[in-house]
Amino acid sequence: MTIRPALAAALLALGGCAASIPPVDVTRFHLGQDIARGAIAPAPEIAGNTSGLERATYDAAVSRELERIGFPPARDFTAARYTFTTEVTRDARERLARRSPVTIGIGGGSFGGGYSGGFGGGVGASFGIGGDRSRATVVTRLSVQIRERATGAVVWEGRAETAAPDRAPAAQPALAAEKLAAALFRDFPGESGRTISVP
């Protein structure tokens with residue numbers, strides 16, 4: 001079977017994007033006891049959240065993961081056994097881009113083998129093609145807390161954090177939300193108090 005050049009390029013690009021998604025650091029806390037499954041609802045401050053599409057993207061990703069591990073959405077708040085809250089922070093940190101390895105030097109001495117006069121003058125400089133540019137690394141953290149609705153007691157909480165260049169796909173909310181939520185609830189409830197790296 002022959003793969004057309006355009007298709008091959010697209011597959012390579014897709015593979016590059018997948019490989020560029022950074023790992024997620026995950027920490028969970030609980031009492032070390034089995035957590036009975038049950039219907040769950042967003043806490044009132046989450047249900048009434050109006051902070052925009054980006055936040056809603058994270059809340060939806062968390063809801064899908066909760067349902068996957070046995071916490072289906074309650075038909076209404078009073079029917080919920082548990083409630084959950086989410087918190088999302090995105091911190092942009094400046095970083096210095098790597099200097100290009102290709103440099104052009106201007107220095108004293110002759111220039112041009114066949115030109116008898118040469119070129120001199122004692123000027124010395126070196127610069128990279130493209131130069132240095134300051135870019136941002138976006139650190140995104142997703143924190144989730146699960147409580148018993150009747151008592152308000154916290155039964156589980158966790159946080160997941162990842163960092164990616166601001167222009168990378170992994171820094172965009174849609175991809176970051178899915179990645180963070182999936183990592184946070186992997187092997188639920190997880191080992192309490194231990195930070196792990198999830199690829």
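Since the structure is predicted, the reported quantities are computational estimates derived from the model, not experimental observations.
- Residue pairs meeting the salt bridge (charged side-chain N to carboxylate O under 4.0 Å, His left out) criterion with at least one partner in residues 137-160, sequence neighbours excluded, are Arg141-Glu161.
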Identify all side-chain donor-acceptor contacts of residues 192-199 below 3.5 Å with residues at least two apart in sequence or on another chain.
from: Ser192; atom 1: OG; to: His30; atom 2: N; distance (Å): 3.1
from: Ser192; atom 1: OG; to: His30; atom 2: O; distance (Å): 3.1
from: Arg194; atom 1: NH1; to: Glu191; atom 2: OE1; distance (Å): 3.2
from: Thr195; atom 1: OG1; to: Thr27; atom 2: OG1; distance (Å): 2.6

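- Linking ILVMFWY side-chain heavy atoms closer than 4.5 Å, directly or via other members, places Val154 and Phe84 in two distinct hydrophobic clusters.
- Taking hydrophobic clusters as Ile, Leu, Val, Met, Phe, Trp and Tyr residues chained together by side-chain heavy-atom distances below 4.5 Å, Phe188 shares a cluster with Val144.
- Within the 3.5 Å criterion, the main-chain N or O of Pro42 finds no donor-acceptor partner in the side chain of Thr83.
- Separation of atoms CG (Leu175) and OG1 (Thr57) is listed at 11.5 Å; rounding is to 0.5 Å.
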| Tyr58 vs Thr86, side-chain contact (heavy atoms from CB on, under 4.5 Å): CA-CA, chis, key distance, verdict | CA-CA 8 Å; Tyr58 286 91; Thr86 65; 5.8 Å; no
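- Rounding to the nearest 0.5 Å places CD of Gln172 at 14.0 Å from CD of Glu178.
- Smallest separation of non-hydrogen atoms from Pro22 and Thr162: CG-OG1, 3.3 Å.
- In this structure, Ala43 and Thr85 approach most closely via the heavy-atom pair CB-CG2, 3.4 Å.
- When every heavy atom of Leu184 is checked against every heavy atom of Arg28, the shortest pair comes out as O-NH1, 2.7 Å.
- Contact record, Gly38 with Pro72: O-CD, 3.7 Å, taken as the closest heavy-atom pair.
- A donor-acceptor pair under 3.5 Å is formed between the side chain of Arg90 and the backbone N or O of Ala171.
- Atom CZ of Phe185 is separated from atom CZ of Phe71 by 8.5 Å, given to the nearest 0.5 angstrom.
- A salt bridge links Glu65 with Arg68; the closest basic N to acidic carboxylate O contact falls under 4.0 Å.
- Ala160 and Val24 get closest at one heavy-atom pair: CB-CG1, 3.7 Å.
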| message | Determine whether Leu66 and Ile146 satisfy the following criterion, side-chain contact (heavy atoms from CB on, under 4.5 Å), listing intermediate values before the conclusion. | response | CA-CA 10 Å; Leu66 285 170; Ile146 299 175; 3.8 Å; yes
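- The two residues Pro189 and Ile35 have their closest heavy-atom pair at CB-CD1, 4.2 Å.
- Side-chain heavy atoms closer than 4.5 Å link hydrophobic residues (I, L, V, M, F, W, Y) into clusters, and following such links, possibly through other members, connects Val88 to Val62.
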